[in-house]
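Report on the structure given below.
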Amino acid sequence: MAKKKKAKRKALKKRQENGGAAEHVLDRLYVVIDSRKGADPDTSYTARLFSRGRQQIAKKLGEEAVEALIEGIRGDRSKLVGESADMLYHLLTLWAATGVKPQAVWSELARREGISGIAEKASRKPA
């Protein structure tokens, strides 16, 4: 019990040092993923992904997305949770490989907040 209290105090102190902003698990995961660039591919799965290149990372993301889709159709909630976690991990890895920071995505989501999906899509210029 004392360990949990100590961990909570440590987390609170860290949030206070960061201006009170609670860091999201996806932000923390991105930092870990990004730190694996240039690491030994024999000791890190993430480093192995980076060593294979952006196209392979994108391919793996697609595979995970299909697996999540299948579990969503099947309705197996626990498997969908696992596949969703895999998909998010590979998405963050692709972001790191292409230099996309999570904050850029969070900002885009915030910009779209409160806008109808139909209206937002209609506002996009044709490619």
Side-chain angles (χ1 to χ4, degrees):
M1 193 67 136
K3 287 184 179 182
K4 285 185 180 180
K5 285 184 179 181
K6 188 175 181 179
K8 283 183 180 181
R9 282 195 304 266
K10 187 175 180 181
L12 177 61
K13 184 177 179 183
K14 185 175 181 175
R15 280 195 298 269
Q16 289 169 341
E17 290 170 356
N18 291 331
E23 207 174 76
H24 193 277
V25 65
L26 292 175
D27 292 309
R28 294 191 306 269
L29 178 57
Y30 180 87
V31 169
V32 171
I33 289 168
D34 197 48
S35 75
R36 298 297 194 268
K37 287 179 182 173
D40 183 358
D42 292 331
T43 61
S44 166
Y45 173 73
T46 304
R48 191 174 309 147
L49 283 173
F50 283 129
S51 74
R52 292 178 178 165
R54 189 176 63 245
Q55 288 181 329
Q56 284 303 111
I57 295 169
K59 181 180 174 186
K60 187 64 181 171
L61 171 61
E63 291 170 9
E64 298 299 342
V66 169
E67 290 171 6
L69 178 141
I70 290 167
E71 296 309 333
I73 291 169
R74 286 185 182 155
D76 187 325
R77 293 173 62 132
S78 65
K79 286 185 178 178
L80 177 57
V81 167
E83 295 300 343
S84 296
D86 291 347
M87 189 177 77
L88 287 170
Y89 161 80
H90 287 90
L91 177 60
L92 292 172
T93 304
L94 183 60
W95 290 354
T98 58
V100 171
K101 303 287 186 212
Q103 187 56 47
V105 178
W106 310 156
S107 294
E108 177 61 13
L109 287 170
R111 183 190 69 77
R112 295 179 183 190
E113 193 172 10
I115 300 172
S116 153
I118 294 169
E120 195 283 326
K121 191 164 184 159
S123 73
R124 297 182 202 175
K125 294 184 175 121

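Bear in mind the structure is a predicted one, so any value in this text is a computation, not a measurement.
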Would you name the heavy atoms of [X] and [Y] that are closest together and state the gap between them?
X      : Y      : result
Ala96  : Phe50  : CB-CZ, 3.8 Å
Leu91  : Leu61  : N-CD1, 3.7 Å
Ala47  : Ala39  : CB-O, 3.5 Å
Leu80  : Ala68  : CD1-O, 3.3 Å
Val105 : Val100 : CG2-CG1, 4.0 Å
Arg48  : Asp42  : NH2-O, 4.2 Å

Side chain proximity check, [X] to [Y], heavy atoms < 4.5 angstrom:
X     : Y     : answer
Thr93 : Tyr45 : no
Met87 : His90 : no
Val25 : Arg28 : yes

Near [X] [atom1], under 6.0 Å, is it more than 12 heavy atoms from other residues, nucleotides or ligands?
X      : atom1 : value
Lys59  : NZ    : no
Leu109 : CG    : yes
Arg111 : CZ    : yes
Gln55  : CD    : no

Check ion pair Glu83-Lys79 (N to O, under 4.0 angstrom):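 So Glu83 does not pair with Lys79 through a salt bridge.
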
Residues Ser78 and Asp76: side-chain donor-acceptor under 3.5 angstrom: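 Yes, side-chain donor-acceptor contact under 3.5 Å.
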
Any side-chain donor near an acceptor of the partner, Trp106 and Asp27, under 3.5 Å: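 Note: Trp106 and Asp27 side chains meet the donor-acceptor criterion.
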
From Leu49 atom CG to Arg54 atom CZ, the distance as rounded to the nearest 0.5 Å: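 Here the rounded value is 14.0 Å.
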
Spacing of CZ belonging to Arg112 relative to OG belonging to Ser107, to within rounding of 0.5 Å: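 One finds 12.0 Å between CZ of Arg112 and OG of Ser107.
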
Sole candidate of Val32, Asp34, Asp40, Ile33 that passes side-chain contact (heavy atoms from CB on, under 4.5 Å) when paired with Arg36: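 Considering Val32, Asp34, Asp40, Ile33, a side-chain contact (heavy atoms from CB on, under 4.5 Å) with Arg36 is found only for Val32.
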
Ring geometry between Trp95 and Tyr30 (parallel below 30°, tilted from 30 to 60°, perpendicular above 60°):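 Ring orientation, 0 to 90° scale: tilted.
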
